[in-house]
A.B. asks: 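I have a structure here, written as structure tokens, and I will follow up with some questions on it.
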Amino acid sequence: MLDIHLLRTDLSGVAARLASRGYTLDTDAFAALEAERKEVQTRTQELQAKRNAISKQIGLARAKGEDASALMEQVASLGDELKAAEEKLAVIQAKMQDFLLNLPNLPHASVPVGDSAADNVEVRRWGTPRRFDFAVRDHVDIGAVLGLDFDTGAKLSGARFTFMRGPVARLHRALAQFMLDVQTTEHGYTECYTPYVVTAETLRGTGQLPKFEADLFAAKKGGQEGEGEALYLIPTSEVTLTNVVRDEIVPLEALPIKLTAHTPCFRSEAGSYGKDTRGMIRQHQFDKVEMVQIVHPDRSYEALEEMVGHAEALLRKLELPYRVMLLCTGDMGFGAAKTYDLEVWLPAQGTYREISSVSNCEAFQARRMQARFRNAQGKTELLHTLNGSGLAVGRTLVAVLENHQREDGSVIIPEALRPYMGGEKVLAADGKTSE
RNA sequence: GGAGAGGUGGCAGAGUGGUCGAAUGCGCCGGACUCGAAAUCCGGUAACAGGGUCUCCCUGUUCGAGGGUUCGAAUCCCUCCCUCUCCGCCA
């Protein structure tokens, strides 16, 4: 959510910055609503003040045993107008809230202006894509004999679900454990276990609601006939980790808060029909190790660079070539002020594909959540929140299989991962180490 | 699922229709005392929103959430949510 003061004082400036990310701000609608709000709110508060003052006098008169009927008449005459004004104000404020909740964040000044992914800027590359002296297979073919089973996934749950067994299932688990251990022991994050099902209020805090309900899975408690509040499956643990500070005023010395969790993520992938239909690049359910930092506003851009480094460290340890992309204004997510994507090399596709996305949301989420800290002057101030994948486990599995494949269909396990694989060096169909 | 208790400021905890945004204690901030510290004493200390003559003043809202009664609600009524205790069931 944007700061309403900024819209009041610099509406055209806000409109220009939103336009750079392809969002057209209806300035006339805002100006009209704001003018109406100001008038109605002033009038309402005037009437409330009058009522409060007279009511107080009634109390005093009664206490002295005096007759208060003249005062009662005065206040009665306010009644209808006050009630009407309060109702009108509530409607205007709800409209205003709705308007604000649907505005995306402002891009940071350092973000390149552009319309689409084509305008993203490559910041750096690491590693050299390997040359293969045999026909490269993609992860679907490699995984077929190693336990990657899309048919069973589809039978159980439909398209975009994967079933894993044996060596691949173990590799998947090993990757998640490895990532969590690096985040906690080397990067200073606190490991968390969080709910996978959350309330609408929680999703409003991080910005998935009200605008993106179509991207979520909703859940219902058994034994209830449409009663009660809808619950949603988390699309990322950014949601649960960030909402930890919702409605909190954290002490200055508690900052920065650095949290990580390994959770499944559930996404309906509405609007991505026909995209990445082969393999496990785009699934309704995938695992991710998430990094969340909740920091002092002065430190958030420093933290952003640091978090990109944390994600990069994992890719390096796994010996996976990647590049770092700075997203342009038109390609950033709703709540982000600045985002870096990490793209891993996928030899079968002959291209780099997103495996991590790290964003600074500045106060956008904090304002929705009322997540604050007490500054050095003792005043409350909004925090800055950041989140990033460290990493998407499914896509990392794909990258390991494809980049480290061998001609005989086995896969070399990167050294960093071997302690998590019982010391084995190679992933093979028979489960045996062939070297 | 059954029975009961309860949700109040950073925390603990009073308050059952009228100067209550809220006693008291703790914590925190400032001051006094002290060479300094501790102890003690004095004073201050909620959030959010709006307005202004904008380092300050004024107004409004907020006592789990929403609705109702009333001139007036933390306090009375209704609905919902959550927490705790006991019993039952359960991984």
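Throughout, protein chains are lettered first and strands after them, A, B, ... in sequence-line order, and every chain is numbered starting at 1.
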A.B. asks: Does some side-chain heavy atom of A:L2 sit less than 4.5 Å from a side-chain heavy atom of A:L106?
C.D. replies: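 Heavy-atom side-chain distance check passes, below 4.5 Å.
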A.B. asks: Can you check the distance between B:rG60 and B:rA73, where both ends of the measurement are the P atom (answer in whole Å)?
C.D. replies: 13 Å
A.B. asks: Let me have a per-nucleotide readout for nucleotides 47-73 of chain B, 5' to 3', with B, S or -, counting only protein heavy atoms under 4.0 Å.
C.D. replies: SSSSS-------BSS---------BS-
A.B. asks: Do A:D276 and A:R353 meet the salt-bridge criterion of a basic N to acidic O distance under 4.0 Å?
C.D. replies: yes
A.B. asks: When you compare the side chain of A:I58 with that of A:M72, does any pair of heavy atoms fall below 4.5 Å?
C.D. replies: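 Yes - at least one pair of side-chain heavy atoms lies under 4.5 Å apart.
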A.B. asks: Could you tell me whether the side chain of A:H296 reaches within less than 4.5 Å of the side chain of A:H384, counting heavy atoms only?
C.D. replies: no
A.B. asks: Side chains of A:D287 and A:H262: any donor to acceptor distance under 3.5 Å?
C.D. replies: yes
A.B. asks: Go through it in stages, so that I can follow the logic: the residues are A:N387 and A:E290, the test is side-chain contact (heavy atoms from CB on, under 4.5 Å), and I'd like the CA-CA distance, side-chain angles, deciding distance and then a yes or no.
C.D. replies: CA-CA 7 Å; A:N387 62 77; A:E290 183 77 1; 3.4 Å; yes
A.B. asks: Give the rounded distance in Å between these two atoms: CG of A:N375 and C1' of B:rC29.
C.D. replies: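 It is 14 Å, rounded to the nearest whole Å.
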A.B. asks: When the P atoms of B:rU70 and B:rA5 are considered, how many whole Å apart are they?
C.D. replies: 30 Å
A.B. asks: Would you measure the distance from the P atom in B:rA23 across to the matching atom in B:rA47 and give it in whole Å?
C.D. replies: 15 Å
A.B. asks: Determine the Euclidean distance between corresponding P atoms of B:rU24 and B:rA46; express it in Å to zero decimal places.
C.D. replies: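 It works out to 14 Å between them.
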A.B. asks: Under a cut-off of 3.5 Å for both distances of each Watson-Crick or G-U pair, what dot-bracket string does RNA chain B give, using [ ] for crossing pairs and | for inter-strand pairs?
C.D. replies: ((((((((.[[[..)..(.....]]]((((((.......))))))(((((((...))))))).[[[[[..)....]]]]])))))))....
A.B. asks: How far, in whole Å, is B:rG17 from B:rC76 if one measures between their P atoms?
C.D. replies: 8 Å
A.B. asks: Under the rule syn = chi within 90° of 0, otherwise anti, which is B:rU55?
C.D. replies: syn
A.B. asks: If I pick the C1' atom on B:rC33 and the same atom on B:rA38, what distance separates them, to the nearest angstrom?
C.D. replies: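 After rounding to an integer number of Å, I get 12 Å for this pair.
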A.B. asks: Restricting to side-chain contact (heavy atoms from CB on, under 4.5 Å), what partner residues turn up for A:R170, sequence neighbours left out?
C.D. replies: A:R173, A:M421, A:E424
A.B. asks: Between A:T206 and A:E238, is a side-chain hydrogen bond (donor to acceptor under 3.5 Å, both in side chains) present by the stated rule, with each step listed?
C.D. replies: CA-CA 8 Å; A:T206 29; A:E238 164 202 340; 5.1 Å; no
A.B. asks: Could you tell me how far apart A:E66 (CD) and B:rG18 (C1') are, to the nearest whole angstrom?
C.D. replies: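 Rounding to the nearest Å, CD of A:E66 and C1' of B:rG18 are 15 Å apart.
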A.B. asks: So does A:E381 pair up with A:R374, basic N to acidic O under 4.0 Å?
C.D. replies: no
A.B. asks: Using atom C1' in both nucleotides, what's the gap between B:rU85 and B:rG9 to the nearest angstrom?
C.D. replies: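 So the two C1' atoms sit 27 Å from each other.
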A.B. asks: Rounding to the closest angstrom, what is the interatomic distance between B:rC57 and B:rG15 at atom C1'?
C.D. replies: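 Result for the C1' pair: 31 Å, nearest Å.
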